[in-house]
Amino acid sequence: LLFNSLEFAIFLPIVLAVYFALGHRGQNYLLLAASLFFYAMWDWRFLFLLFVTMFGDFFIAAYLDRLRDEGASHSKRQWILAISMAMNLVILGFFKYFNFFAESLHALLASIGWQTSVGTLNIVLPVGISFYTFQSMSYTIDVYRGELKACKHIWDFALFVSFFPHLVAGPIMRAVDLLPQVLAPRNTTRQQVLDGIHLIVWGFFKKVFIADNLASIVNRIFALQSPTGFETFVGVYAFAWQIYCDFSGYTDIARGVAKLMGFELTLNFNLPYLSTSPKEFWTRWHISLSQWLRNYLYIPMGGNRGSDATIYRNLLITMVLGGLWHGAAWNFVIWGAYQGLLLVAHRALEKPLNFLFNASSSAGKALSFAVRVLVMFQLTCYGWLLFRAQSWHQIKVMTGSLSHPFAGFDLQLLTQVAAFTIPLFLMQCWQYFSGKLIFVDYAWAKPEVRVAVYSLLFYFVLFRAAQPQSFIYFQF
Amino acid sequence: MKALRLTSRVLGCLVIALVVLELCARMDDNVTYGAPIIGGYSNESLYEHDAIGKRGKPYGQYKKWQLNSLGFRGPELRPGGTRIICIGSSETFGLYEKPGGEFPRQLESRLNHRAGMDIFQVVNVAYPGETIRTSTKRVGGIADLVQPRFAVIYSSPGNYIWLPWIRAAQANPTKPQVERFGFDLRIGENFRTLAKRILPEQVQALLRRREIERESARYKVMDRVPDENISTYEADVAALVDALRAHGIEPLLVTHATHFGTNLSESDYNLLIAWRRFFPMLKEEGFIDMENRMNDAVRRVAQAKGVQLVDAAHTLPSGSKYFADFSHFSDAGAELIADMIAERLESMIGVGQVNTAVLLNE
C-alpha cells in the first residue's frame, strides 16, 4: 500500500473508524492486523520474514532478560545476543546483499585473472527490511544492555515492529520510545489531531507535488549520456530537493497518521539543508538512522574515545556501513565513504574553521552563517550525485562536467526547478529563524484559516501532481 | 445550540474549501492556458454555430486545444505548397495526444520529412461530433478557404447510431447540442478528470452502467444498428466523395479503427460501456457489429467510386498501446495511423518522383 494511493485513502479511514470504537487491547490487535495487511499488500510471502524477525527477537530478548535476572554470565548473554544479531543480519544480508557481494567477488576475482562462476539468485528485496530489522535489533540490544525490560506480550511486540505508518520507511523507532506507547492506553488529543492532519497534508504536498514533479526532471537529466555542466548542476540540485521532499514527505505522513492514533513517532528531518557542517547535517537528516548508527555502531566501536586516528576510523566505518545500509551498490558505499570523509575533515579542521568564520557583528554572523550553509549545501549535493548515479562512469562524466557550470545554460530548466524549490527553501528559512517546524501557527490560525491553507495545498496534490512515483526510500 | 454552531462551522469550512479550490482552479487555468479568471471556460469556447452547424471559432482556445484564425486546429496556413485536409470527428481533431501529436500534424511532418522540404500543409478541419453530412455541406467553404488538393476522410460511424440526432442537428443547426449554464464550477471538471484517472476500472464501469440505465429509459434500446443507418452513412460518405471531387479535391478514405480486437476481455467490455455512455440506445455488443458494417460501407464506397482506401480497421493493431479509450488514439496510435496514411498519400502524390517545383507552385 502506497500512502499516495487510492487504496490507502480507503484503508486509513476504515482503520481509524474501527480504532476509535475499540478499547486499548482491541486497538492493539486491530493495528497489528492492519499492519500485517498493509505489509501483505506488497507481497504476502514476505510476512514470513517479518514473523521470523518479530518472534525470533521477542523470544531471544525474553531469554536475555531471564538470564540477567538469574545473574547469568556476561559471555553467555553475549552469545545469546550474537544469535539474534546473526539471525537478523543473515536475513538482511541474504535478501539485500547476496547478489551484490557475489557479483563484487566475481568481478574482483576476474580482475586478477581468476575466472569463477559465482552464481547470483533472483532475489526480490522485501520492502522495508532494513527499517524493521534495525528496529528489532535495537530492541534486543537495549534489553541486553539492561536499558529496557523485555516485552511480556508477544502481540504488542509484534505491533512495535510492524506498526504500519513507519513499517516500510521509518522513522526507525527505538523500543524505549515506541514500546511504552504500545503498552499504555492512548488518548488522542485535539492537538495531536491538528498536528496529524497538518503533517499528512504537508507530507503529501512535499511528496506528490514537489518530489514527483522534480523526479521527471531528475530522471531526464540522469538518463543523459553526457550532460552539460549546467544540466548536472540543476539535476543534482533538483535531486537534493526531490529526495528530501520524498523521504521527509513520507515521514511527515507517517508521523501524522500515527498522531491521529495517539502515537508519537520521532522527528526524522529538521531543515537539513540549513546545516552549517557535516556534523550538524547528520543531526538534521534521517535523524532516526543517524541515532541508530551512533547508539549501536559508533559508540560501541569506541565513539569519540581514543586517539584522533581511532575516532576517524570509527567515523569512516560507521558512515560506510550507513551508506551500504541504503542499498547494495557501490555508489552507496562511495556515498557513505564520502560522508565519512566530510565528517573526518570537519572534525580535523573544526578549530581553524571556527576561527575563520568567527564574527562579532550581527551582519558578520549572518554572512558567516550564509557562507557555511551554502558551502555545506554544495558538499551535500555532490554527495547526492554519488548517491543517484547509476555507475562509476556516470559519476566521472557528471563530475567532469561540473568544471563548466554554465555550459549549456538553460533558463527554462532553471525556472522549472526554481519554481518547485525556491518557495520551499524560503519557507524553511522562515521556519529556521522562527523556530517553528509547523508553519500553521495554531495559536492564531482559526479552523477556517487552516481549511483554506490545506485546500490550497490539496489543490496542488490532487491536480498538479506528476506521474505518481514510489517513495525512494522504499527500496532500502 | 451547540450542535447548530458546530454544523454552521463545518458548513462554513466546506464553503471555504470549495471557494479556495475553485479559485486555485481558475488561477491555474489562467497561468497555464491563459483562460479568463472570471466567466465560463469550457470546450464550448472552441466552437460557434452557423447555418450548417457547429464549427470552430477563429482563435478558439480551451486548455491544450488551440484553433487558428480560420477556426481549424493547428497552425496558420502558409502560402504555397500542397494542401491536404483531414475530415472527421474527435479522432481526427485529437483528444488525448500531446499538442501537435494528433495524426494530421504528424502526417504533415512525415510527408515533409520524406519530401525533404516543407511543401505539404495538412489542415485539420475536423471537430468532435462532426458528421459526414455536415462535412459535406462545408466542402465548398473549405475548398475556397484552404484550396486543398487532397482530403483524408476518417469518419466516425458512431454518429450514425441514432439518426434522429443527425436530423435534429440538421433541422436546428444553430442550436448548441449541449446547453450550458452561465456559471460552471471549474473544480468540478478537475474532480471528474481525477476520478477517471484514479478510480478502478470496475467502479467506473459500474457508475457508467447506472448512468446508461437512467439514460436508456428515454430510448428504444437496440441490439444492433438498423440497416437504414448503415445505408444512410454509406450514402453520406459517397456524397462527401462526390462533393470533394466536384471541387477538384481527391479523397482518401480511411476505415474507422477501434481499441477492440477479435476477443473481448473484461477491460474491453468496460470500454464498450464507456462508449455506450454516449449512445445509450445501443447495447454494448452492437458497437462491434456497427463498426464492422459501417467500415464495410466505407470499403464499398471506395470500390464503387475508385477512391484510395487505407483499411485502418483491418491493419491498425488493437489494444491500449494505440488507443487511449475505445476509439481515440494515443500518441503511438496517432503516429501509426499518420504513417499509414502518409504511405498511401505518397503513392497518390508520387513524392520523390514528382518534380517538387510543381508541388511548390501549387
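Heavy atoms closer than 4.5 Å to chain A are found in both the backbone and the side chain of B/I198. Only the side chain of A/L6 comes within contact range of chain B, with heavy atoms under 4.5 Å apart. When heavy atoms are compared at a cutoff of 4.5 Å, B/L14 does not approach chain A at all.
A donor-acceptor contact closer than 3.5 angstrom links the side chains of B/S267 and B/E201.
Of the listed residues (B/I16, B/V15, B/T193, B/T32), the greatest number of heavy-atom pairs within a distance under 4.5 Å of chain A belongs to B/I16. Comparing B/L23, B/L194, B/L199, B/D28 by heavy-atom pairs within less than 4.5 Å of chain A, the highest count is held by B/D28.
A salt bridge is defined here as a Lys NZ or Arg NE, NH1 or NH2 lying under 4.0 Å from an Asp or Glu carboxylate O, and B/R105 with B/E108 meets this definition. Comment: B/E48 does not engage B/K57 in a salt bridge, judged by the lack of any side-chain N to carboxylate O separation of less than 4.0 angstrom. Salt bridge annotation for B/E22-B/R186: absent, with no cationic side-chain nitrogen under 4.0 angstrom from a carboxylate oxygen.
Smallest separation of non-hydrogen atoms from B/G100 and B/E102: N-OE1, 3.0 Å.
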